[in-house]
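Because the structure is a prediction, the values reported are computed rather than measured. FYI, side chains are in, hydrogens and waters are out, and symmetry mates aren't considered; it's all heavy atoms of this structure.
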Amino acid sequence: MLLVANAEAWPGFPLSVEMLRAGTDSLSAMVAGIGRVEAEPKVRSVGYGGWPNMLGTMECDGAVMDGTTREVGTVGAVRDTLHVAALAHEVMKRLPHVMLTGEGARRFADEIGFPMQDMLLEDSKRVWFERLQKELCPEELKKFPDIPLAPLSRAITDPERVRDTTVFLSADAARGVHAATSTSGWAWKYPGRLGDSPIPGAGFYADSRYGGAACTHTGEMTMRCATARTIVLGLKLGMPLNEAVDLALEELAELKGGFLGGVVVHAVDAMGNHDVVNFRCPGEIKYWFWDATMPEPELRQARVA
């Protein structure tokens, strides 16, 4: 058994490890761990700690995938909901659908007892409004939100360059390979924007026969290249894990036009190998790793593509 997650998973990674050691199924253990990340205000890309869209509203995305059955549950642009990974898990278990978005996702959450929660921290609200004041003239500010938002989509950027996601991957020869994600997406995104985190094959993919992958940062790129699925397909075709990851990175490097930025790829294979790669992200990228031979999880450094 091994578990991989991005550095921001620190509030919940130990819980997932503890549950795996106790024999809990992998998806439930990962969703429980992500739940603690979603509830931690210090993590500024997920749940309570995330940043709102242009209108000052929190819209969160989450997903799970069972690599053994290849069943998927995802939710996108969900308001007033903290535990979106758990909600996605319920979509997978209870519905014949793969994805629910917006009002439909919130309606489903109401039906199964997920509470409505105020997701916007006062500090996030303050930073959001200060940025609006900087970008809008007094007349526009007076009319807000009844103004065109599209012109702001390139002017307004993340206050801390946050484009991260919480991603968990587990792999075990007996239990299979599985994935889970959660994010609040880009700060100041256009309302209704979905990144790659809830998109199967782009932000995550798992197939217990071969392996799994999950991506963070610039989702607009991984959606264009189906990055997570590319890695798993490479594994299916017989590539070693690092070569399958490098193939996906080559496709990202070939992109021209559109919004381009950095991507972090997390990948595991069914043989117990893992690879985490920093593709054009500034600074040092780290990730959490644990396997059954280790007494405690380790924070490790990603390789640089």
So, are [X] and [Y] salt-bridged, with charged N and O less than 4.0 Å apart?
X: Arg70; Y: Asp66; result: no
X: Asp80; Y: Arg106; result: no
X: Arg224; Y: Asp196; result: no
X: Lys93; Y: Glu90; result: yes
X: Lys134; Y: Glu130; result: no
X: Arg193; Y: Glu220; result: yes
X: Lys286; Y: Glu284; result: yes
X: Glu111; Y: Arg107; result: yes
X: Arg36; Y: Glu40; result: no

If you take all heavy atoms of [X] and [Y], which pair is closest and at what distance?
X: Ile112; Y: Arg94; result: CG2-NH1, 3.5 Å
X: Ser184; Y: Gly50; result: OG-CA, 3.3 Å
X: Ala39; Y: Tyr48; result: O-CD1, 3.8 Å
X: Leu55; Y: Asn53; result: N-OD1, 2.9 Å
X: Arg280; Y: Gly261; result: CB-O, 4.4 Å
X: Trp290; Y: Ala292; result: CZ2-CA, 3.8 Å

Do [X] and [Y] come close enough that some side-chain heavy atom pair is under 4.5 Å?
X: Pro52; Y: Lys125; value: no
X: His217; Y: Phe279; value: no
X: Leu27; Y: His89; value: yes
X: Val78; Y: Glu59; value: no
X: Leu194; Y: Pro198; value: yes
X: Thr181; Y: Thr166; value: no

Next item on the list: Measure up the Trp188 and Trp51 rings against each other and bin them: parallel (under 30°), tilted (30 to 60°), perpendicular (over 60°).
Entry: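 Trp188 and Trp51: perpendicular rings.
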
Between the main-chain N or O of [Y] and the side-chain N or O of [X], is there a donor-acceptor pair closer than 3.5 Å?
X: Thr218; Y: Gly262; result: yes
X: Asp118; Y: Leu120; result: yes
X: Ser208; Y: Gly176; result: no
X: Thr81; Y: Arg79; result: yes
X: Asp110; Y: Gly113; result: no
X: Thr183; Y: Asp61; result: no

Around [X], counting heavy atoms of other residues, nucleotides and ligands shown, do more than 12 lie under 6.0 Å from its [atom1]?
X: Met294; atom1: CE; result: yes
X: Glu103; atom1: CD; result: no
X: Gln133; atom1: CD; result: yes

Checklist line | Option passing side-chain contact (heavy atoms from CB on, under 4.5 Å) with Met239 (candidates Val245, Asp269, Leu247) | finding: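 Testing Met239 for a side-chain contact (heavy atoms from CB on, under 4.5 Å) against Val245, Asp269, Leu247 leaves exactly one candidate, Leu247.
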
Next item on the list: Apply the test side-chain contact (heavy atoms from CB on, under 4.5 Å) to residues Val91 and Met99: give CA-CA distance (whole Å), side-chain angles for both, the deciding distance (0.1 Å), then the verdict.
Entry: CA-CA 7 Å; Val91 169; Met99 179 183 290; over 6 Å; no

Checklist line | side-chain contact (heavy atoms from CB on, under 4.5 Å) evaluation trace for Tyr205 with Ile231 | finding: CA-CA 9 Å; Tyr205 198 79; Ile231 293 168; over 6 Å; no

Note to self: For the residue pair Ser124 / Arg44, report whether a side-chain donor-acceptor contact shorter than 3.5 Å exists.
What the structure shows: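 Note: Arg44 and Ser124 side chains meet the donor-acceptor criterion.
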
Next item on the list: Assess the side chains of Ser182 and Glu38: does a donor N or O sit below 3.5 Å from an acceptor N or O?
Entry: yes

Check: Do Thr222 and Val263 pass the side-chain contact (heavy atoms from CB on, under 4.5 Å) test, and can you show the C-alpha distance, the side-chain angles, and the key distance before you say yes or no?
Finding: CA-CA 8 Å; Thr222 60; Val263 171; 3.8 Å; yes

Item checked: Pair His274 + Phe289: ring centers closer than 6.0 Å -> yes

Notebook entry, point to check: side-chain hydrogen bond (donor to acceptor under 3.5 Å, both in side chains) between Glu251 and Thr230: does it pass, once the steps are laid out?
Noted result: CA-CA 9 Å; Glu251 292 187 337; Thr230 295; 3.3 Å; yes

Margin query: Before you tell me yes or no, could you show the steps for Ser197 and Thr165 under side-chain hydrogen bond (donor to acceptor under 3.5 Å, both in side chains), namely the whole-Å CA-CA distance, both residues' side-chain angles and the distance that decides it to 0.1 Å?
Written below: CA-CA 7 Å; Ser197 300; Thr165 299; 3.1 Å; yes

